[in-house]
Visitor: 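To start, I am sharing the structure in question, which I have written as C-alpha cells.
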Amino acid sequence: LHGGGGERAATVGEAVAVGGVRGWATGDEEIDAGIFVAAAAVRGEAGTVACLSVPSPSVRARPEDRAALLTSVCDAATAIGQALRAAVSG
C-alpha cells in the first residue's frame, strides 16, 4: 500500500469494511500516489455481486467534484444491479 506499513493496512481494511456496509467508498492515494477512486457495490438478488470502481488522477478529480463523481458511480452501480436482477428474473 502507498505509504506502507501495517497500521496503514489496518486503516484501509477498516475503510473497506465500512464501505461494504454502506455500499460505497472513496480513496485518495490509499493504493497509488496521485489517484482518487470512487467505488460502489453492484447488488444482485443475493447481495453484493461486484464492485464498480472508477480511478482518476487526483488533478482531474478535484475535491469540489468528488461528490458528483461518487454519485455518478453509485448511480451506475445501481443501474448495473437492476439490469442483472432483470436478466435473472426474466
Side-chain angles (χ1 to χ4, degrees):
L1 296 173
H2 176 70
E7 290 178 22
R8 184 75 171 156
T11 301
V12 171
E14 291 168 10
V16 168
V18 169
V21 170
R22 70 180 172 211
W24 60 269
T26 60
D28 192 11
E29 300 189 3
E30 274 85 0
I31 305 298
D32 291 311
I35 301 295
F36 172 80
V37 65
V42 176
R43 300 193 190 272
E45 293 202 11
T48 300
V49 297
C51 176
L52 176 63
S53 63
V54 179
S56 177
S58 296
V59 297
R60 292 190 185 159
R62 298 174 305 179
E64 61 269 23
D65 298 329
R66 293 177 181 182
L69 178 59
L70 178 60
T71 297
S72 294
V73 172
C74 289
D75 290 348
T78 297
I80 293 167
Q82 289 170 343
L84 288 173
R85 288 188 300 278
V88 168
S89 65

Visitor: Could you report the tightest heavy-atom contact between A25 and L70, atom names first, then the distance?
Guide: O-CD1, 4.2 Å
Visitor: Quick check: closest heavy atoms across A77 and A41, and the distance to 0.1 Å?
Guide: CB-O, 3.4 Å
Visitor: If a pair satisfies side-chain hydrogen bond (donor to acceptor under 3.5 Å, both in side chains) and one of its residues is in residues 66-86, list it, with sequence neighbours excluded.
Guide: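 Residue pairs with at least one partner in residues 66-86: D28-R66.
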Visitor: Is a side-chain N or O of R62 found less than 3.5 angstrom from the main chain of E64, in a donor-acceptor match?
Guide: no
Visitor: For E29 and S58, which heavy atoms make the closest approach, and how far apart are they?
Guide: OE2-OG, 4.1 Å
Visitor: Would you say V49 and V54 are hydrophobically clustered, going by side-chain heavy atoms of ILVMFWY under 4.5 Å?
Guide: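 Yes, it is one cluster - the side chains of V49 and V54 are joined through contacts under 4.5 Å.
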Visitor: Side chains of L84 and V42, heavy atoms from C-beta outward: is any pair under 4.5 Å?
Guide: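 The answer is yes, as the side chains (C-beta and beyond) meet within the 4.5 Å cut-off.
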Visitor: Identify the heavy atoms of A61 and L69 that sit nearest to each other, and give their distance.
Guide: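 Closest approach of A61 to L69, heavy atoms only: CB-CD2, 4.3 Å.
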Visitor: How far apart are the closest heavy atoms of E45 and S89, and which atoms are they?
Guide: OE2-CB, 4.1 Å
Visitor: Check P55 against I35 and note the closest heavy-atom contact, atom names and distance.
Guide: CB-CG2, 4.0 Å
Visitor: With heavy-atom distances below 4.5 Å as the criterion, would you say the side chains of L52 and V73 are in contact?
Guide: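 They are in contact (side-chain heavy atoms under 4.5 Å apart), so the answer is yes.
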